[in-house]
Amino acid sequence: MFVYGYAVDYYYTGDGSIMIKVRIPNIHGPWKRTDSNGKKRYVEDENLPYYPGLVMPHRPNPGDVVLLSSTNNTMNNLVVLGLTGASYLE
């Protein structure tokens, strides 16, 4: 299963791997709260989950579109596979 989301933040763990905070619009609501119009559930940025990421060509900037994948047909165990080159902000 593949899903797209927006990078919000990231950090490096002690072993050098990257964890990326991602907003998945279908789950967490749109990039901007004002776009939700009260119709969808909206998760505040500070409550978004971090997902492990693979090696990236550069650090993700806020709004960068990322591709996530799961090894099964559920939203469990998602991993950020990479950056798509697109951005919400551009």
Side-chain angles (χ1 to χ4, degrees):
M1 170 185 286
F2 294 102
V3 65
Y4 293 95
Y6 301 114
V8 175
D9 192 17
Y10 70 90
Y11 71 89
Y12 287 98
T13 64
D15 64 2
S17 58
I18 189 169
M19 297 294 289
I20 303 170
K21 185 183 275 194
V22 178
R23 173 175 295 283
I24 302 170
N26 290 345
I27 298 171
H28 307 117
W31 178 254
K32 293 190 285 185
R33 183 181 203 54
T34 55
D35 292 340
S36 68
N37 299 324
K39 295 178 184 174
K40 292 184 180 180
R41 178 175 166 215
Y42 186 84
V43 178
E44 298 295 333
D45 285 350
E46 60 268 7
N47 297 326
L48 292 172
Y50 281 91
Y51 299 103
L54 301 180
V55 176
M56 309 268 170
H58 62 82
R59 296 179 198 135
N61 296 311
D64 283 352
V65 178
V66 297
L67 174 67
L68 298 97
S69 179
S70 177
T71 56
N72 54 30
N73 287 334
T74 67
M75 297 301 279
N76 298 331
N77 302 321
L78 286 172
V79 175
V80 178
L81 296 179
L83 303 166
T84 66
S87 174
Y88 177 85
L89 304 175
E90 291 181 7

Any donor-acceptor N/O pair, K21 side chain to D45 backbone, under 3.5 Å: yes
Let me check something: do Y50 and I24 share a hydrophobic cluster, defined by ILVMFWY side-chain heavy atoms less than 4.5 Å apart, either directly or through other members? no
Check whether any side-chain N or O of D64 sits under 3.5 Å from a backbone N or O of N61 as a donor-acceptor pair, and report yes or no. yes
If you round to the nearest 0.5 Å, how far is CZ of R41 from NE2 of H28? 7.5 Å
Verdict with supporting geometry, Y6 and V22, side chain to side chain contact (heavy atoms under 4.5 Å, CB included): CA-CA 5 Å; Y6 301 114; V22 178; 5.8 Å; no
Considering only heavy atoms from C-beta outward, does the side chain of L67 approach that of Y4 to under 4.5 Å? yes
Within 45° of the six-membered ring axis of Y42 and under 6.0 Å from that ring's centre, is NZ or CZ of R23 located there? yes
Under a 4.5 Å side-chain heavy-atom rule over Ile, Leu, Val, Met, Phe, Trp and Tyr, are Y12 and M56 clustered together? yes
Nearest heavy atoms of I20 and G53, plus distance in Å: CD1-CA, 4.4 Å
Tell me whether Y10 is reachable from V3 by hopping between hydrophobic residues (I, L, V, M, F, W, Y) whose side-chain heavy atoms are closer than 4.5 Å. yes
Please determine whether residues L81 and V65 belong to a single hydrophobic cluster, defined as Ile, Leu, Val, Met, Phe, Trp and Tyr linked transitively by side-chain heavy-atom distances below 4.5 Å. yes
Mind checking whether W31 and V8 have side chains closer than 4.5 Å, heavy atoms only? yes
Give the intermediate values and the outcome of side chain to side chain contact (heavy atoms under 4.5 Å, CB included) for residues H58 and L83. CA-CA 9 Å; H58 62 82; L83 303 166; 3.4 Å; yes
Closest approach of P25 and G5, non-hydrogen atoms and distance? CD-CA, 4.2 Å
Roughly how far, to the nearest 0.5 Å, is CG of L68 from CG of N77? 12.5 Å
Any side-chain heavy-atom pair of P60 and I18 under 4.5 Å: yes
Can V79 be reached from F2 by stepping across I, L, V, M, F, W or Y side chains whose heavy atoms are under 4.5 Å apart? yes
